Number of protein chains: 2
Amino acid sequence: MIRVLLADDENLIRSALRALLSLEDGIEVVAEAATADEALAMARSSAPDVAVLDLQLPDRDGISLAADLHAQVPGCRTMIVTSHGRPGYLKRALAGGVGGFLPKTVSASVLAQVVRTVHDGGRYVDPELAAEAISAGDSPLTAREADVLELAAEGAPVEEIARRAALTPGTVRNYLSSAASKLGAANRHEAVHVARRHGWI
Amino acid sequence: MIRVLLADDENLIRSALRALLSLEDGIEVVAEAATADEALAMARSSAPDVAVLDLQLPDRDGISLAADLHAQVPGCRTMIVTSHGRPGYLKRALAGGVGGFLPKTVSASVLAQVVRTVHDGGRYVDPELAAEAISAGDSPLTAREADVLELAAEGAPVEEIARRAALTPGTVRNYLSSAASKLGAANRHEAVHVARRHGWI
DNA sequence: GCGTGCCCGTGACATTCGTCATGGGCCGCC
DNA sequence: GGCGGCCCATGACGAATGTCACGGGCACGC
């Protein structure tokens, strides 16, 4: 019997996934969590075999949660389901030891199959997502460029970004400028959109 | 027996909802669609009693789909479920004759209950969402301000916005400026974020 | 009919932003 | 050690943007 933990902030999805997985032979849902912290606590007490995580939880993302689970819950494998299949996330997830990565557009039978695959130590990523990730390639941004661009995402003026990043306004503009040109954007706001679409920030 | 149509682009959610609703007495899922067009076509042929729509479908939003359903499928009531409970959407949905509006964080039993309520001609909106909508109030933006702000959402320069809106660049800047000041934003990009958060664009 | 609010435009000004050149410090690699 | 890449900064220039004042046209309600 594969013991599964579900983490998703949407109650409806969670109970629905539980219903779907419970119909499968050899799969049992032993815990449900709405937040990453909750999931971590539950995983420690119930020691599931596989954790099915939403990419975006209210407190932080599923990738960092997966890393914590690997560190703190021995024998617990992880997989991620998401609504928004950004290529960058997939790459980060795989680097973080996640065993499966699926969009929520897959069918229930695929989901169950992947749970089994991941449980057996295998890996599975959605073919379409994989293709996207390959064609999208790595992020061309340097670490600082990505940082600064992320701070620019809310539309804050350069000066505020500079304060929050502990940088000079001039430096911020240089980074934003170089990020925008790398992304083929006319300005930083368009750059934010491009980077978001690729999952680079 | 209440005949239900499901429209959601995420296969997983759809089959999960089907599983959940099928467990309920007196509810039967008669059709599933992944897009608005598909949903419309299916509704015409299967004439469901209640259509459960995702707010965001790939081709257009659930609110306009609901309007079409009301017009083209007599006797079909509609309700909307969504991941992102923006107040503005709720208001628009209600104005469009939608009978129920729920976040996906609700439990399965609430969902089933609301399906029944809507089927009986009643209305239900999530209390939390309702509170948000009331506190957020109406959009302070005029029609044109909202239009222009929407075009500004992708980070396009003023000149392009002007072309797409068939306006003078100067006028565009005036609208953006007034929109930003109404929204308490320092610039148009921040204004876009604020307006998005409230569901005003 | 008159005020009010929205629509659309112009012109001018100060500020912010994008771009470029340039430089120093740091690290890793050949 | 030299080279390249990243990090951080400065200064300066032109372009884009935000702000303000002002104008006319139009629809609506009192």
Side-chain angles (χ1 to χ4, degrees), chain A residues 88 91-92 95 136-201, chain B residues 88 91-92 95 136-201:
Chain A
K91 195 157 298 212
R92 271 193 276 162
D138 268 343
S139 168
L141 304 176
T142 69
R144 271 294 181 278
E145 282 165 0
D147 283 352
V148 172
L149 198 56
E150 194 151 19
L151 289 172
E154 282 149 31
V158 166
E159 197 167 339
E160 190 185 324
I161 300 173
R163 264 189 292 111
R164 295 220 273 162
L167 289 176
T168 306
T171 306
V172 169
R173 281 191 292 164
N174 284 339
Y175 282 160
L176 289 176
S177 178
S178 103
S181 87
K182 281 178 182 176
L183 299 179
N187 55 50
R188 61 205 166 108
H189 306 288
E190 199 183 324
V192 166
H193 273 265
V194 174
R196 276 245 176 86
R197 209 168 44 233
H198 289 298
W200 290 334
I201 61 171
Chain B
K91 194 156 299 211
R92 271 193 275 162
D138 268 346
S139 168
L141 304 177
T142 68
R144 270 294 180 276
E145 281 165 1
D147 283 353
V148 172
L149 197 56
E150 194 149 10
L151 289 172
E154 283 149 33
V158 167
E159 196 166 341
E160 190 186 323
I161 301 172
R163 264 188 294 109
R164 293 220 274 162
L167 289 176
T168 307
T171 306
V172 169
R173 281 191 289 162
N174 284 337
Y175 282 159
L176 289 176
S177 179
S178 103
S181 88
K182 280 178 181 177
L183 299 179
N187 55 49
R188 62 205 167 107
H189 306 290
E190 198 183 326
V192 166
H193 273 264
V194 174
R196 276 244 176 87
R197 210 167 45 232
H198 290 298
W200 291 333
I201 61 171

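Predicted, not measured: the structure shown is a model, and the values here were computed from it. Note on naming: letters A, B, ... go to the chains in the order of the sequence lines (proteins, then strands), and numbering restarts at 1 for each one. Computation of the quantities below employed the complete heavy-atom set of this structure, encompassing side-chain atoms and omitting hydrogens, waters and symmetry-equivalent molecules.
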For A:R92, the salt bridge (charged side-chain N to carboxylate O under 4.0 Å, His left out) test, sequence neighbours excluded, returns none
Give each protein N/O atom lying under 3.5 Å from an N/O atom of nucleotides 3-7 of chain D, with the pair distance.
unit_1: D:dC7; atom_1: OP2; unit_2: A:T142; atom_2: OG1; d: 2.7

So, A:N187 side chain and A:A180 main chain: donor-acceptor pair closer than 3.5 Å or not?
no
Tell me, do A:K182 and A:T142 make a side-chain contact under 4.5 Å, heavy atoms counted?
yes
Expressed in angstrom and rounded to an integer, what is the separation of A:E190 atom CD from C:dG18 atom P?
11 Å
For the helix from C:dG1-D:dC30 to C:dC30-D:dG1, measure the angle between the helix axis at one end and the axis at the other, each built from five pairs, rounding to 10°.
30°
What is the separation between atom CD on A:E160 and atom P on C:dT16, rounded to the nearest whole Å?
13 Å
Hey, could you give me the CG/CZ distance between A:L183 and A:R197, rounded to the nearest 0.5 Å?
10.0 Å
What salt bridge (Lys or Arg N to Asp or Glu O under 4.0 Å) pairs are there with at least one residue in residues 151-164 of chain A, not counting sequence neighbours?
A:E154-A:R164, A:E160-A:R164
Smallest heavy-atom separation, A:L176 atom then A:A152 atom, equals CD2-CB, 4.1 Å
Ignoring hydrogens and geometry, is there a side-chain-to-backbone donor-acceptor pair from A:H193 to B:A153 under 3.5 Å?
yes
Separation between CD (A:E145) and CG (A:N174), nearest 0.5 Å, reads 10.0 Å
I want to check one thing: is the phosphate of C:dG9, taken as OP1 and OP2, less than 4.0 Å away from some side-chain N or O of B:T168?
yes
Readout for nucleotides 12-26 of chain D: B = base within 4.0 Å of protein heavy atom, S = sugar-phosphate only, - = neither; 5' to 3' it is B----BBBBB-----
Does any part of the side chain of B:V158, heavy atoms only, come nearer than 4.5 Å to the side chain of B:R188, both counted from C-beta?
yes
Could you give all pairs that pass the ring-ring contact (aromatic ring centres under 6.0 Å, His included) test and reach residues 144-189 of chain B, with sequence neighbours left out?
A:H189-B:H189
